[in-house]
Amino acid sequence: MFINFTNHRSELWSIEQREAAEKYGEITDIAFPAVDPSFGSETIFRLAEKYAEMICSYKPDAVLVQGEMTLCYAVVSILISKGINAVCATTERVTSTYLGQNGETVKKSEFSFVRFRSYG
């Protein structure tokens, strides 16, 4: 099983990213929570424990963890300590800048999935 613990539902992924995830098994989405910037480290750690426990209950082969940095770090640390493969998605970014209809500068970025990379 492959857990997608991000804010990006797997149904919106490219074919390449879905195929790479499916090599680990069925994809299950668990939405990454909004993290209040006023949260302290203890609150982040408790939140990480809660989500890591939920993720571990699925007995995943790999977990894609991407979102707010401190919560990612805490969740990844817990997963690795339990022997679970935590990964991130690597992408190639192509950016273009042009003038919009009203003379404003518009910057557009497109991301193409390349591979999953292990945190551990």
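Keep in mind that what you see is a predicted model, and the values were worked out from it rather than measured.
Taking a 6.0 Å sphere around CD of E53, one finds it holds 12 or fewer heavy atoms contributed by other residues, nucleotides or ligands. Counted within 6.0 Å of OH on Y73, heavy atoms from surrounding residues, nucleotides or ligands total 12 or fewer; the atom is thus considered open. Within a 6.0 Å radius of CD in E42, other residues, nucleotides and ligands contribute 12 heavy atoms or fewer. Counted within 6.0 Å of CD1 on I15, heavy atoms from surrounding residues, nucleotides or ligands total 12 or fewer; the atom is thus considered open.
Of all heavy-atom pairs spanning P60 and I55, the tightest one is CD-O, 3.4 Å. G67 and C72 get closest at one heavy-atom pair: N-SG, 3.0 Å. In terms of heavy atoms, H8 sits closest to W13 at O-NE1, 3.4 Å. Nearest heavy atom pair, residue Q17 against residue L64, reads NE2-CD2, 4.1 Å. Contact record, V87 with S118: CG1-CA, 4.0 Å, taken as the closest heavy-atom pair.
In this structure, the separation between OG on S77 and NZ on K82 is 12.5 Å, given to the nearest 0.5 Å.
The shortest side-chain heavy-atom distance between C56 and I84 falls under the 4.5 Å cut-off. When side chains are defined from C-beta on, F45 counts as touching I78, because their heavy atoms get closer than 4.5 Å. At least one side-chain heavy atom of L99 sits less than 4.5 Å from a side-chain heavy atom of T105.
V114 and Y119 fall into different hydrophobic clusters, where Ile, Leu, Val, Met, Phe, Trp and Tyr side chains are chained together by heavy-atom contacts under 4.5 Å. Grouping the Ile, Leu, Val, Met, Phe, Trp and Tyr side chains by contacts below 4.5 angstrom, directly or via other members, places V76 with M1.
Listed by chain and residue number, F2, F113 satisfy the ring pair (Phe, Tyr, Trp, His ring centres under 6.0 Å) test with F116 (two or more places apart in sequence, or in another chain).
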Under 3.5 Å, sequence neighbours excluded: what are the donor-acceptor pairs made by side chains of residues 22-38?
residue	atom	partner	partner atom	Å
E22	OE2	R18	NH2	3.4
D29	OD1	N4	ND2	2.7
D29	OD1	S10	N	3.3
D29	OD1	S10	OG	3.1
D29	OD2	S10	N	3.3
D29	OD2	S10	OG	3.1
D36	OD1	S38	N	2.7
D36	OD1	S38	OG	2.7

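No donor-acceptor pair closer than 3.5 Å links the side chain of T6 to the backbone N or O of Q66.
Checking E68 against T70 by side-chain atom types alone, a donor-acceptor pair falls below 3.5 Å.
Sequence neighbours left out, the pairs with a member in residues 91-104 that pass side-chain hydrogen bond (donor to acceptor under 3.5 Å, both in side chains) are T95-S109.
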